[in-house]
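Below is one structure, written out as structure tokens; comments come after it.
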Amino acid sequence: MWAIFEDIKAIYRNDPAARGIEFLLYPGFHAIIWHRLIHFLYAIRIPFIPRMLSQIGRFLTGLEIHPGAKIGKGFFVDHGAGVVIGETAEIGDRCVLFHNVTLGGTGKHKGKRHPTLGNDVFVGTGSTILGPVTIGNNVKIGANAFVVMRDIPSNCTVVGTPARIIRKDGINCDEELPRTIFCDTAA
């Protein structure tokens with residue numbers, strides 16, 4: 001329940017256009033409330049119904065959030081159309097996603113297949129983050145950073161295609177993302 005209050009605060013913290021009770025009109029807010037209810041049903045292992053309800057939510061809001069995704073408090077999606085969040089994705093507290101962001105899988109992994117975002121992560125419009133990668137705390141991923149398939153350390157700004165770190169711990173830089181070795185856990 002407290003997470004919903006933090007989600008409302010996130011709207012006013014992240015959108016200067018938000019006034020009065022307009023938060024009730026945000027599709028991202030509708031989607032997160034819907035998800036929090038559905039995630040509870042998913043967590044207690046009710047079959048079929050959570051997936052069906054998530055599809056209804058997708059139709060109504062334009063955001064596709066799998067019932068299994070774990071989302072922290074203070075979550076904000078601005079202009080949410082086209083957002084996709086996969087089943088094993090984990091999103092920390094106070095994260096911001098813009099439209100057309102994908103937190104998806106590659107189809108090559110078993111078990112944990114989707115990204116993990118730390119706290120205070122900002123993901124710009126059109127960015128795609130694939131696979132069981134970890135995005136550290138206080139990371140900013142610029143618009144259309146396509147495709148992030150490697151871990152990103154905390155306190156970084158990442159832009160471009162392929163994604164590159166341009167700021168790390170407050171210092172400008174230009175470096176490739178660190179390599180991550182993916183193992184097939186089916187073996």
Side-chain angles (χ1 to χ4, degrees), residues 7-8 10-18 22-36 38-39 51 53-109 112-152 156-167 177:
D7 297 332
I8 294 168
I11 292 170
Y12 293 105
R13 182 174 54 247
N14 291 292
D15 189 353
E22 287 180 355
F23 71 88
L24 294 172
L25 304 174
Y26 280 66
F29 181 64
H30 299 162
I32 192 61
I33 288 176
W34 195 248
H35 172 73
R36 293 195 190 288
I38 294 168
H39 181 73
R51 286 299 303 265
L53 292 174
S54 73
Q55 291 302 305
I56 293 168
R58 174 185 177 201
F59 175 76
L60 295 173
T61 66
L63 287 82
E64 181 175 344
I65 306 175
H66 191 283
K70 296 177 184 170
I71 301 176
K73 61 186 182 213
F75 181 66
F76 177 64
V77 177
D78 200 4
H79 307 290
V83 168
V84 177
I85 300 173
E87 177 182 18
T88 62
E90 297 177 39
I91 300 173
D93 295 338
R94 298 171 305 281
C95 290
V96 177
L97 275 59
F98 275 78
H99 60 285
N100 291 330
V101 167
T102 299
L103 304 179
T106 63
K108 297 178 182 178
H109 301 94
K112 175 76 169 130
R113 304 181 312 278
H114 301 95
T116 298
L117 276 58
N119 297 325
D120 302 299
V121 174
F122 175 94
V123 184
T125 301
S127 295
T128 302
I129 306 170
L130 298 177
V133 298
T134 300
I135 309 301
N137 297 323
N138 304 308
V139 170
K140 292 181 178 108
I141 300 174
N144 294 315
F146 185 82
V147 168
V148 178
M149 293 179 67
R150 295 188 179 149
D151 292 349
I152 299 174
C156 289
T157 300
V158 177
V159 299
T161 305
R164 300 181 65 75
I165 297 172
I166 62 161
R167 190 165 180 84
L177 293 178

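Numbering starts at 1 and runs along the sequence shown.
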Ignoring hydrogens, what is the shortest heavy-atom contact between [X] and [Y]? Give both atom names and the distance.
X	Y	answer
Thr106	Met149	CG2-CE, 3.7 Å
Gly104	Pro115	O-CD, 3.5 Å
Leu130	Val133	O-CG1, 3.8 Å
Asn144	Ser127	N-OG, 3.6 Å
Lys73	Arg36	CA-NH2, 3.9 Å
Thr88	Arg113	OG1-N, 2.8 Å

Run Ile56 and Trp34 through side chain to side chain contact (heavy atoms under 4.5 Å, CB included) and show every step you take. CA-CA 10 Å; Ile56 293 168; Trp34 195 248; 4.2 Å; yes
Does the [X] side chain pair with the main chain of [Y], one donor and one acceptor, at a distance under 3.5 Å?
X	Y	answer
Asp15	Ile11	no
His35	Ala69	yes
Asp151	Thr134	yes

[atom1]/[X] to [atom2]/[Y] distance, rounded to the nearest 0.5 angstrom?
X	Y	atom1	atom2	result
Cys156	Ile165	SG	CD1	4.0 Å
Asp120	Arg94	CG	CZ	4.0 Å
Cys95	Asn137	SG	CG	8.5 Å
Leu97	Ile129	CG	CD1	7.5 Å
Phe29	Ile8	CZ	CD1	4.0 Å
Asp78	Phe98	CG	CZ	4.5 Å

Under the criterion side chain to side chain contact (heavy atoms under 4.5 Å, CB included), which of Val101, Thr102, Ile91 is the partner of Ile85? Ile91
Hey, are the side chains of [X] and [Y] touching, using non-hydrogen atoms and a 4.5 Å cut-off?
X	Y	result
Ile32	Val77	no
Ile141	Ile152	yes
Lys70	His39	yes
Arg51	His66	yes
His79	Thr125	no
Lys112	Glu90	yes
Val148	Ile135	yes
Ile71	Ile65	yes

Classify the ring geometry between Tyr26 and Phe76 as parallel (under 30°), tilted (30 to 60°) or perpendicular (over 60°).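 Taking Phe76 first and then Tyr26, their aromatic rings sit tilted (interplane angle of 30° to 60°).
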